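Not measured: the values here are computed from a predicted model. All residue numbers refer to positions in the sequence shown, counting from 1.
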Amino acid sequence: MEKTAEKTVITVVGKDTVGIIAKVCTYLAEHSINVLDISQTIVQDFFNMMMIVDLSGSTVPFGQCAADLEEIGKGIGVTIHCQKEEIFDMMHRI
């Protein structure tokens with residue numbers, strides 16, 4: 001039986017520095033979290049990335065993933081926020 005996707009929106013915002021994408025993606029890969037879509041931009045030294053990931057095969061629960069990524073962000077000077085897709089959709093509905 002195939003698992004249903006557990007889509008999560010991850011946003012990363014802060015001053016641009018070397019290794020932001022690498023740190024985030026390394027964590028995701030180490031915990032079997034699949035990146036479904038990714039967009040990143042840099043505007044005048046400010047980094048912004050939005051990812052859609054699938055946690056259905058993850059080795060960690062959503063709450064731990066969110067807390068771990070928040071700590072990684074603090075370590076590299078950016079803000080990382082995780083939100084389940086359905087909550088994100090509800091918050092941004094017109």
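Under the side chain to side chain donor-acceptor pair (under 3.5 Å) criterion, no residue pair touches residues 43-52, with sequence neighbours excluded. Sorted by first and then second residue, the ring-ring contact (aromatic ring centres under 6.0 Å, His included) pairs with a member in residues 41-79 form an empty list; sequence neighbours excluded.
The two residues Cys65 and Val60 come nearest to each other via the heavy atoms CB-CG2, 4.0 Å. For Leu55 against Thr8, the heavy-atom pair with the smallest separation is CD1-OG1, 3.6 Å.
To the nearest 0.5 Å, atoms CD (Glu6) and NZ (Lys84) are separated by 6.0 Å. One finds the CD atom of Gln64 at 12.0 Å from the SG atom of Cys82 (value rounded to the nearest 0.5 Å).
Taken together through direct or relayed side-chain contacts under 4.5 Å among Ile, Leu, Val, Met, Phe, Trp and Tyr, Val13 and Met50 form parts of separate hydrophobic clusters. The cluster map of Ile, Leu, Val, Met, Phe, Trp and Tyr, joined by side-chain heavy atoms under 4.5 Å apart, puts Ile42 and Met49 in the same cluster. By the rule that hydrophobic residues join a cluster once side-chain heavy atoms approach within less than 4.5 Å of another member, Ile10 and Ile52 end up as members of separate clusters. Follow the hydrophobic side-chain contacts under 4.5 Å out from Leu69 and you never reach Val9; the two are in separate clusters.
Residues satisfying the salt bridge (Lys or Arg N to Asp or Glu O under 4.0 Å) criterion with Lys15, sequence neighbours excluded, are absent altogether.
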Please list every donor-acceptor pair under 3.5 Å in which a side-chain atom of residues 23-37 meets a protein atom from a residue at least two apart or in another chain.
from	atom 1	to	atom 2	distance (Å)
Thr26	OG1	Ala22	O	2.7
Tyr27	OH	Asp68	OD2	2.7
His31	ND1	Tyr27	O	2.9

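For Asp54 (side chain) and Lys7 (main-chain N/O), no donor-acceptor pair under 3.5 Å exists by modelled atom type.
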Which is it for Thr79 and Val12 under the side-chain contact (heavy atoms from CB on, under 4.5 Å) test, yes or no, and what are the steps along the way? CA-CA 6 Å; Thr79 301; Val12 182; over 6 Å; no
